[in-house]
Amino acid sequence: MKRTDTEQGRDTLFAAADAEFGEFAFDQNVVDVFPDMIKRSVPGYTTIIHMIGQMAERYAQASSNCYDLGCSLGASTLAMRHRIQAADTRIIAVDNSAEMVDRCKLVLDADSGELPVDILCQSIEDTEISNASVVVMNFTLQFIPTHERDKLIAKIYQGMLPGGVFILSEKLSFDDRHHDQLMNELHHYFKKTNGYSDLEIAQKRTALENVLIPESLHTHQQRLDKAGFTGTELWFQCFNFSSLLAFKV
């Protein structure tokens with residue numbers, strides 16, 4: 001679908017009643033509206049990004065790597081880049097969408113931060129994690145096939161340094177049906193107050209149905225414990241969007 005100049009940056013991807021939509025994909029159309037999409041769709045996103053920067057500043061270790069897995073346009077990367085003070089630290093930003101990576105490179109090229117950043121276009125399942133003091137997965141695990149999630153989290157743990165922190169932000173599901181319905185309704189109302197129509201909300205939900213698979217907080221906590229992480233804390237939640245801290249001792 002070709003977008004007019006006046007639409008550039010504004011998410012109207014699912015506004016057409018007569019359009020045919022396949023499964024949601026992080027293609028060029030999404031890249032072009034991604035900041036607007038995230039701001040209007042994910043409650044608390046700005047707060048999460050800001051706090052990722054603060055936590056990276058606290059936990060980044062000298063001569064270590066900090067990872068942004070599923071970096072999209074580099075919001076978490078930039079937050080870390082401008083807060084980390086530890087010497088000889090490098091950020092490794094990874095995304096499997098070539099369109100996202102290309103735009104992320106432009107964003108970082110225009111940024112004044114001096115901390116070195118490597119941007120990799122590859123699957124995070126194939127990404128080596130090593131010498132890591134901070135690892136961020138910001139609304140990324142939910143797009144990984146569920147049968148691959150345990151292995152991925154275990155790999156992240158094995159590649160981290162003692163004293164490192166893993167920041168995992170995810171959309172949640174809830175075991176109680178009524179609570180799950182309430183949280184979804186509140187999220188949809190949040191999107192409506194940000195200008196999305198009922199049609200847009202419904203069509204995007206259909207496109208994401210088999211692509212974004214949320215899990216419960218208990219499932220995430222069990223997986224982190226199984227991998228070896230300790231001190232897991234739910235530090236942020238708004239409706240069905242959350243962020244957790246997990247530590248390697």
Side-chain angles (χ1 to χ4, degrees), residues 1-53 68-83 91 93-113 115 117 119-121 124 136-140 142-143 169-171 184 186-209 211-212 236 238-241 243:
M1 183 187 305
K2 184 175 178 57
R3 304 175 64 80
T4 67
D5 290 340
T6 57
E7 290 178 318
Q8 289 295 335
R10 178 76 172 176
D11 177 20
T12 58
L13 294 181
F14 296 93
D18 57 350
E20 294 185 7
F21 301 101
E23 287 190 342
F24 185 90
F26 292 98
D27 57 17
Q28 191 62 52
N29 285 330
V30 170
V31 169
D32 288 341
V33 301
F34 192 69
D36 183 66
M37 176 184 288
I38 288 292
K39 181 178 69 175
R40 295 165 62 207
S41 300
V42 180
Y45 184 78
T46 301
T47 297
I48 291 172
I49 294 298
H50 178 71
M51 295 308 299
I52 283 172
D68 183 4
L69 302 178
C71 64
S72 61
L73 302 187
S76 295
T77 293
L78 289 173
M80 290 192 286
R81 191 183 203 188
H82 287 273
R83 294 300 297 262
I91 298 174
V94 184
D95 204 287
N96 66 355
S97 165
E99 294 86 353
M100 281 288 186
V101 168
D102 287 345
R103 184 67 59 84
C104 184
K105 288 178 179 178
L106 294 176
V107 170
L108 291 173
D109 285 345
D111 177 58
S112 61
L115 197 70
V117 178
I119 308 177
L120 307 179
C121 184
I124 61 175
V136 174
M137 287 187 71
N138 211 25
F139 302 106
T140 298
Q142 59 200 25
F143 292 102
S169 306
E170 286 283 291
K171 185 177 182 181
N184 278 296
L186 290 172
H187 176 225
H188 293 161
Y189 185 71
F190 169 84
K191 295 174 75 172
K192 286 184 69 174
T193 62
N194 281 328
Y196 285 114
S197 67
D198 289 333
L199 176 65
E200 288 175 288
I201 293 169
Q203 293 193 144
K204 185 177 181 183
R205 184 173 63 245
T206 299
L208 282 167
E209 186 173 8
V211 178
L212 190 165
F236 176 90
C238 184
F239 306 141
N240 45 2
F241 288 81
S243 191

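Please read these numbers as outputs of a predicted model, since none were measured by experiment.
- For the pair S97 (side chain) and M100 (backbone), a donor-acceptor distance under 3.5 Å is present.
- Formation of a donor-acceptor pair under 3.5 Å by the E170 side chain with backbone atoms of Q142 is found in this model.
- Partners of K105 under the side chain to side chain donor-acceptor pair (under 3.5 Å) rule, at least two apart in sequence or in another chain, do not exist in this structure.
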Set out, in order, the CA-CA distance, both residues' side-chain angles and the distance that settles side-chain contact (heavy atoms from CB on, under 4.5 Å) for L108 and L78, then state yes or no. CA-CA 8 Å; L108 291 173; L78 289 173; 3.5 Å; yes
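- Judged as a side chain to side chain donor-acceptor pair (under 3.5 Å), and not counting sequence neighbours, H188 has no contacts.
- Heavy-atom minimum distance, C71 versus D95: N-OD2, 3.4 Å.
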Decide side-chain contact (heavy atoms from CB on, under 4.5 Å) for L186 and F190; before the verdict, give the C-alpha distance in whole Å, the side-chain angles of both, and the deciding distance to 0.1 Å. CA-CA 6 Å; L186 290 172; F190 169 84; over 6 Å; no
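- Listed by chain and residue number, R81 satisfy the salt bridge (charged side-chain N to carboxylate O under 4.0 Å, His left out) test with D111 (two or more places apart in sequence, or in another chain).
- T206 pairs by the side chain to side chain contact (heavy atoms under 4.5 Å, CB included) definition with nothing, not counting sequence neighbours.
- The side chain to side chain contact (heavy atoms under 4.5 Å, CB included) test applied to E20 returns no partner, not counting sequence neighbours.
- Scored by the side chain to side chain donor-acceptor pair (under 3.5 Å) test, N184 finds D180, N240 as partners (sequence neighbours excluded).
- Under the side chain to side chain donor-acceptor pair (under 3.5 Å) criterion, T47 pairs with no residue, sequence neighbours left out.
- Checked against ring-ring contact (aromatic ring centres under 6.0 Å, His included), F34 has no partners two or more places apart in sequence or in another chain.
- Under the salt bridge (charged side-chain N to carboxylate O under 4.0 Å, His left out) criterion, D109 pairs with no residue at all, not counting sequence neighbours.
- Contacts of F26 classified as ring-ring contact (aromatic ring centres under 6.0 Å, His included), with partners at least two apart in sequence or in another chain: F24, F143.
- For the residue pair A93 and V117, the shortest heavy atom distance occurs at CB-CG1, 4.4 Å.
- Residues meeting the ring-ring contact (aromatic ring centres under 6.0 Å, His included) test with Y189, sequence neighbours left out: none.
- Remark: side-chain polar atoms of T77 are not paired, donor with acceptor, to backbone N or O of A75 under 3.5 angstrom.
- Annotation: ring-ring contact (aromatic ring centres under 6.0 Å, His included) contacts of F14 (sequence neighbours excluded): F21.
- The minimum heavy-atom distance linking A17 with Q203 is given by the pair O-OE1, 4.0 Å.
- The shortest heavy-atom contact between R40 and D11 is NH1-O, 3.4 Å.
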